[in-house]
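Note sheet for the following structure.
Letters A, B, ... mirror the listed sequences (proteins, then strands); counts begin at 1.
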There are 2 protein chains.
Amino acid sequence: MTLKELAAELGVSTASVSNAFNRPDQLSPKLRERILSEAKRLGYRGPDAKARSLRTGRSRIIAVVLAESLTYSLNDAVASELLSGVAEVLDAHGHTLLLLSGRQDASQVPGSSSIADGYIVYGLMPSLMMLDELPQLGQRQLVAVDFDLEGYPAVHIDNEPASYAIASHALRTSARRPGVINLRLTKHPCNARISPDQELLPADRTITRSRLVGFHRAFAEHGIDPASVPMWNVEENTFEVCAPVIETILDLPDDERPDLLLCMSDRIALTVLTLAEQRGLRIPDDLRLTGFDGIAEGQYRSPRLTTVRQDSVEKGRIAARMILGLAPREDRQLPTELILGETCP
Amino acid sequence: MTLKELAAELGVSTASVSNAFNRPDQLSPKLRERILSEAKRLGYRGPDAKARSLRTGRSRIIAVVLAESLTYSLNDAVASELLSGVAEVLDAHGHTLLLLSGRQDASQVPGSSSIADGYIVYGLMPSLMMLDELPQLGQRQLVAVDFDLEGYPAVHIDNEPASYAIASHALRTSARRPGVINLRLTKHPCNARISPDQELLPADRTITRSRLVGFHRAFAEHGIDPASVPMWNVEENTFEVCAPVIETILDLPDDERPDLLLCMSDRIALTVLTLAEQRGLRIPDDLRLTGFDGIAEGQYRSPRLTTVRQDSVEKGRIAARMILGLAPREDRQLPTELILGETCP
DNA sequence: GGCCCTAACTAAATCGATACAGTACTGTCC
DNA sequence: GGACAGTACTGTATCGATTTAGTTAGGGCC
């Protein structure tokens with residue numbers, strides 16, 4: 001049963017039926033009442049959302065594009081918090097949430113999935129790596145979270161000061177050989193140690209890169225040549241992808257293995273923790289460890305993770321408000337908090 | 001730039017442009033190539049999803065309707081696992097995932113959100129309580145998870161045997177005064193102790209109710225009159241909603257307070273645990289406790305929760321396959337596993 | 001009574017695609 | 001050379017609504 005059929009049944013125009021549902025002031029209460037009750041009786045369940053969205057151009061759907069697979073993201077504390085912040089705002093304003101994975105065919109995102117009224121893109125994803133293709137996105141509504149995209153507003157935290165703070169703290173302890181595990185830092189995929197000639201992403205684009213700048217500042221202040229600090233890169237935050245890289249680090253001979261690992265995420269740090277414990281390494285005596293994010297899991301377990309806490313829920317809320325036009329579409333930077341856990345006291 | 005404009009620009013029919021994108025076999029490779037490259041050059045980004053979904057009637061979007069708020073569900077381990085199972089299958093078959101909250105205006109779900117090709121409804125929700133209104137749903141694609149809906153396939157676990165098993169185990173310990181905390185069991189909202197004259201939902205409809213049947217069987221076998229066992233009800237799985245009810249239980253005088261609480265979810269059991277510990281009650285000495293679900297958090301902490309583990313990811317996968325027509329649309333029941341933790345050894 | 005104004009409603013164009021029925025042309029085969 | 005098949009493409013109805021411009025009826029006012 002369509003609006004047209006219902007109109008015919010009632011002997012009124014389609015415009016009146018449409019108005020009965022959308023603009024009560026455009027018709028007499030009496031007719032409106034008749035239309036609504038007949039609709040109910042005949043089982044017409046209101047205007048079809050597909051047709052309406054075509055005609056009006058708006059679907060009241062906002063998409064969140066996630067860097068990792070949906071399956072991973074839904075079980076990741078940080079991504080879940082972001083999503084729940086987004087959902088909170090969308091819900092309160094009558095919008096719904098579409099989940100997309102950035103790991104799908106690059107051409108699909110946010111391209112042909114263009115049912116959504118706007119996109120919140122979380123984290124730099126492989127399909128956006130080719131920064132040249134960006135003009136393709138058109139001026140469609142888009143907000144970037146945790147990375148920068150030229151021409152679009154971004155929401156992130158104060159990465160450089162935060163990473164400087166945690167690295168400074170870590171270096172004040174007796175660590176002599178720091179190492180860094182990065183997340184998607186290199187221009188071309190690399191899941192291993194980063195060699196000196198490898199091209200990195202620009203420092204003003206990715207959070208990982210600006211965190212590294214903070215680390216380097218701390219290194220320099222402690223008399224360590226940043227170029228001498230070994231770095232590894234992982235392409236995904238998952239256990240499967242990280243574990244092999246971490247194992248090559250842990251398998252290094254004692255005098256080459258870093259005695260401090262600065263990790264770009266709690267997830268990575270926790271994986272290091274698990275694998276190090278399996279090998280009988282003592283934390284923090286044999287190996288000091290810092291993370292980034294402040295997820296609950298890192299604070300439950302023993303030893304508690306030394307890390308930087310960020311408010312991912314609030315990031316989600318802000319991104320959602322920007323997309324809905326409830327907040328100015330401009331870059332936002334949120335504060336963080338240093339958590340002194342036991343993995344690097 | 002629309003398909004029509006592109007066609008005009010190229011001097012071909014709209015049909016050919018459409019075919020270039022959708023049915024390569026319907027036109028010569030040469031023309032197809034020309035269309036695709038011109039499209040790229042002119043910035044046409046492929047057929048508009050809104051229009052396509054109207055015309056074809058399919059959007060490649062599947063909605064999951066969640067009983068609790070999205071904000072809660074996204075941070076709930078059980079719901080997240082279900083979603084990740086759903087996402088896994090949808091992703092593999094080129095569909096996307098729309099999240100809806102059943103707590104929105106009842107008329108909205110799944111009504112006017114009818115952009116989706118199918119609905120996976122998770123848990124009985126307030127808006128579906130009025131079981132009379134169900135015919136409104138039409139014969140739209142729908143799969144129920146963790147509750148039964150007449151006329152639609154449902155995915156759940158072997159609730160009655162599982163709850164019988166855990167209750168039997170618990171009663172073999174020296175518990176003398178069992179009590180039950182239910183989740184959304186009463187026909188009309190009730191967030192308190194259930195009085196004997198209160199109407200319960202039918203046993204073949206909700207998981208909570210069929211679990212209760214299992215409990216009752218165990219009570220009877222242990223010489224306890226099921227009618228004499230005190231029951232409480234909570235309307236939501238959230239801390240905020242559960243805590244007041246749990247506090248009234250814990251505040252009972254020692255000789256009235258149950259020495260065994262069978263909870264309908266791990267979430268509830270963990271809230272009991274937290275509040276009981278705050279009061280200085282010893283678990284399991286002063287109070288024995290069982291949950292239901294087998295979430296990770298219950299197994300990390302000490303004491304470990306005695307519970308029933310279910311595979312929520314698999315439930316999600318199965319529901320998704322049914323919606324996509326990859327699995328027969330018929331009721332499915334998954335097995336569970338009893339976990340003997342320390343809250344009721 | 002004539003004029004204007006408003007309220008209540010309608011007719012038809014439109015949103016951007018898809019898909020069916022058809023046309024034009026080329027080539028094959030007896 | 002004519003019948004027939006196949007390929008490559010086109011014209012247009014259609015999906016189900018929204019919206020603009022326009023029509024009609026009735027009321028108020030001088």
Side-chain angles (χ1 to χ4, degrees), chain A residues 1-36 38-39 42-61 94 108 110-117 138 140, chain B residues 1-36 38-39 42-61 94 108 110-117 138 140:
Chain A
M1 159 89 35
T2 70
L3 183 146
K4 200 169 161 186
E5 286 165 25
L6 177 61
E9 192 79 29
L10 282 162
V12 301
S13 74
T14 60
S16 290
V17 178
S18 176
N19 284 331
F21 282 93
N22 300 313
R23 299 191 286 186
D25 56 313
Q26 296 292 304
L27 74 178
S28 65
K30 193 177 153 188
L31 177 58
R32 179 173 139 90
E33 201 41 60
R34 186 162 77 95
I35 291 175
L36 258 33
E38 277 299 276
L42 295 171
Y44 176 69
R45 308 186 45 237
D48 179 85
K50 297 197 225 324
R52 163 183 285 178
S53 74
L54 169 59
R55 180 59 232 235
T56 63
R58 305 191 319 107
S59 58
R60 303 189 79 81
I61 293 178
Q108 301 281 76
S112 80
S113 307
S114 57
I115 262 186
D117 293 342
R140 196 177 296 284
Chain B
M1 160 88 35
T2 70
L3 184 145
K4 200 169 162 185
E5 286 166 23
L6 177 61
E9 191 80 29
L10 283 162
V12 300
S13 74
T14 61
S16 290
V17 178
S18 176
N19 285 331
F21 283 94
N22 300 313
R23 300 191 286 185
D25 57 313
Q26 296 293 304
L27 74 179
S28 64
K30 193 178 153 189
L31 178 58
R32 179 172 138 89
E33 200 42 57
R34 186 161 78 96
I35 291 174
L36 259 34
E38 277 299 277
L42 296 171
Y44 176 70
R45 307 184 48 234
D48 178 86
K50 298 196 220 331
R52 164 184 285 176
S53 74
L54 171 60
R55 179 61 233 235
T56 62
R58 304 193 316 107
S59 58
R60 303 189 78 83
I61 292 178
Q108 301 281 75
S112 79
S113 307
S114 55
I115 263 187
D117 293 342
R140 195 176 297 285

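Nucleotide dC9(D) holds its P atom 13 Å from the CZ atom of R32(B), rounded to whole Å. Atom-to-atom, CG of L27(A) to P of dT10(C) comes out at 9 Å; the value is rounded to the nearest Å. As a whole-Å value, the separation of Q26(B) CD from dC20(C) P is 10 Å. The interatomic distance linking L10(A) (CG) with dT10(C) (P) rounds to 10 Å, in whole Å. A straight line from CD1 of I115(A) to C1' of dA17(C) spans 12 Å, rounded to a whole angstrom. Remark: P of dA8(C) and CD1 of I35(A) are 13 Å apart, rounded to the nearest angstrom. Separating the CZ atom of R45(B) from the P atom of dA17(C) is a distance of 12 Å, rounded to the nearest angstrom.
In this structure, E5(A) and L42(A) have side chains that are not in contact, with every pair of non-hydrogen atoms separated by 4.5 Å or more. Inter-residue side-chain proximity for L27(A) and I35(A) is flagged as met; some heavy-atom pair is nearer than 4.5 Å. Inter-residue side-chain proximity for S53(B) and I115(B) is flagged as unmet; no heavy-atom pair is nearer than 4.5 Å.
Rounded to 10°, the angle separating the first-five-pair axis and the last-five-pair axis of the helix from dG1(C)-dC30(D) to dC30(C)-dG1(D) equals 50°.
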Walk along nucleotides 16-22 of chain D from 5' to 3' and tag each nucleotide B, S or - by protein heavy-atom contact under 4.0 Å, base first, then sugar-phosphate.
BBBBB--

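A search for salt bridge (Lys or Arg N to Asp or Glu O under 4.0 Å) contacts involving E33(B) returns nothing, not counting sequence neighbours.
The structure places OG of S13(B) at 9.0 Å from CG of L3(B), a figure rounded to the nearest 0.5 Å. Between S18(B) atom OG and L6(B) atom CG the span is 11.5 Å, to the nearest 0.5 Å. For the atom pair CZ (R58(B)) and CG (D117(B)), the distance works out to 6.0 Å, reported to the nearest 0.5 Å.
Minimum interatomic distance between T2(B) and Y44(B) (heavy atoms only, all atoms of both residues): C-CE1, 3.6 Å.
Nucleic acid contact class of S28(B) (heavy atoms, under 4.0 Å, all strands): sugar-phosphate only.
The side chain of S16(A) places no N or O atom within less than 4.0 Å of a non-bridging phosphate oxygen (OP1 or OP2) of dC9(C).
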Assess whether side-chain contact (heavy atoms from CB on, under 4.5 Å) is satisfied between N22(A) and R52(A), documenting all intermediate values.
CA-CA 11 Å; N22(A) 300 313; R52(A) 163 183 285 178; 2.7 Å; yes

